[in-house]
Amino acid sequence: MDRAQLILLGLPIFLFCSDLFNLFTPPPPKPQPHRPHQPPHIPHQHRPAAIIPETLDFPSQKTSGLGAIGYGNTVEINFCVSCSYKGTAVTMKKMLETAFPGLDVILANYPPPAPKRLLAKVVPVAQMGVIGMIVAGDRILPMIGITHPPAWFHSLRANRFGSMASTWLIGNFLQSYLQSSGAFEVHCNGELVFSKLKEGRFPGEIELRDLISKTLTRPSILAGSSY
């Protein structure tokens with residue numbers, strides 16, 4: 001086996017090993033809920049007098065009245081990581097944390113159904129099987145009792161590099177498709193407030209802020225957060 005064949009065989013093996021490592025690596029732990037920072041205790045006799053700055057009544061300094069209801073509540077955004085939705089999720093997270101100070105916003109991956117996840121793990125194995133047949137099929141087939149290879153095998157062997165590249169690209173496309181869920185689900189205190197799987201679109205920033213505000217200002221939510 002010459003140097004070119006070693007490179008063509010070694011590169012798919014390296015990429016296959018990296019895919020397996022990424023597939024079976026456990027997801028990172030969820031971040032702990034954000035707790036407001038408690039100021040250090042100062043003895044009564046040494047506590048300095050509080051200085052209240054005088055502010056001018058500009059419109060930009062007026063509070064919206066929605067920030068106080070953020071404490072003690074949680075919003076979870078489950079999105080498709082392989083669909084490149086992370087940028088949108090981070091933007092929504094920053095917007096909600098700004099609109100509702102103290103609100104705990106958690107980002108998490110929304111996995112595809114179990115059959116798609118299983119097929120996504122089978123695709124790399126099939127890739128390596130086809131590439132192995134292209135590189136060394138003339139020695140593998142006689143070992144399993146096939147003395148006359150089929151016509152498609154000779155077609156693949158006629159252009160080894162093109163066949164291997166096509167197999168790798170098609171396999172990666174199938175694996176990416178099987179790992180994607182297309183989801184962008186928003187839950188507030190365990191209640192679903194927006195679902196991209198149902199609506200078929202992303203929520204607008206103002207729309208999502210209003211949905212979260214309506215959920216947090218319900219009497220039951222306010223009564224629960226007051227304790």
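Atom CZ in Phe194 sits 8.0 Å away from atom CG in Leu208 (nearest 0.5 Å).
Two residues are said to be in side-chain contact when any heavy atoms from C-beta on lie closer than 4.5 Å; Asn78 and Asn109 fail this criterion. Side-chain contact between Asn189 and Leu216: present, with at least one pair of heavy atoms (C-beta onward) separated by less than 4.5 Å. In this structure the side chain of Thr74 reaches within 4.5 angstrom of the side chain of Ile106, judged on heavy atoms. You'll find the side chain of Glu76 stays beyond 4.5 Å of the side chain of Leu107, heavy atoms only. Side-chain contact check for Val186 versus Leu192: every heavy-atom pair is 4.5 Å or farther apart. In this structure the side chain of Met133 reaches within 4.5 angstrom of the side chain of Leu141, judged on heavy atoms.
Hydrophobic clustering (ILVMFWY, side-chain heavy atoms < 4.5 Å, transitive): Val135 and Ile146 are in one cluster. Linking Ile, Leu, Val, Met, Phe, Trp and Tyr residues whenever their side-chain heavy atoms come within less than 4.5 Å leaves Leu174 and Trp168 in two separate clusters.
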Let me have the donor-acceptor pairs involving side chains of residues 91-101, under 3.5 Å, with sequence neighbours excluded, atom names and distances please.
unit_1 : atom_1 : unit_2 : atom_2 : d
Thr91  : OG1    : Gly87  : O      : 2.9
Lys93  : NZ     : Glu97  : OE2    : 2.9
Lys93  : NZ     : Val105 : O      : 2.7
Thr98  : OG1    : Lys94  : O      : 2.8

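Counted within 6.0 Å of CG on Leu169, heavy atoms from surrounding residues, nucleotides or ligands total more than 12; the atom is thus considered enclosed. Dense packing is recorded around NZ of Lys116, with more than 12 heavy atoms of other residues, nucleotides or ligands lying under 6.0 Å away.
Remark: the backbone N or O of Pro112 is not paired with any side-chain donor or acceptor of Ser181 at under 3.5 angstrom.
Of the N and O atoms on the side chains of Ser195 and Glu185, at least one donor lies less than 3.5 Å from an acceptor on the other residue.
Hydrophobic cluster membership of Leu197, counting Ile, Leu, Val, Met, Phe, Trp and Tyr whose side-chain heavy atoms lie under 4.5 Å apart directly or via other members: Tyr110.
Contact detail for Glu207 and Pro203: the closest heavy-atom pair is OE1-CA, 3.7 Å.
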Start with the C-alpha gap between Val75 and Leu103, add the side-chain angles, then the distance that decides, and say whether side chain to side chain contact (heavy atoms under 4.5 Å, CB included) holds. CA-CA 7 Å; Val75 171; Leu103 183 66; 3.7 Å; yes

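The list of salt bridge (charged side-chain N to carboxylate O under 4.0 Å, His left out) pairs with a residue in residues 141-159, not counting sequence neighbours, reads Asp138-Arg157.
For Lys196 and Phe202, the positive end sits near the middle of the six-membered ring, less than 6.0 Å away and at most 45° from its axis.
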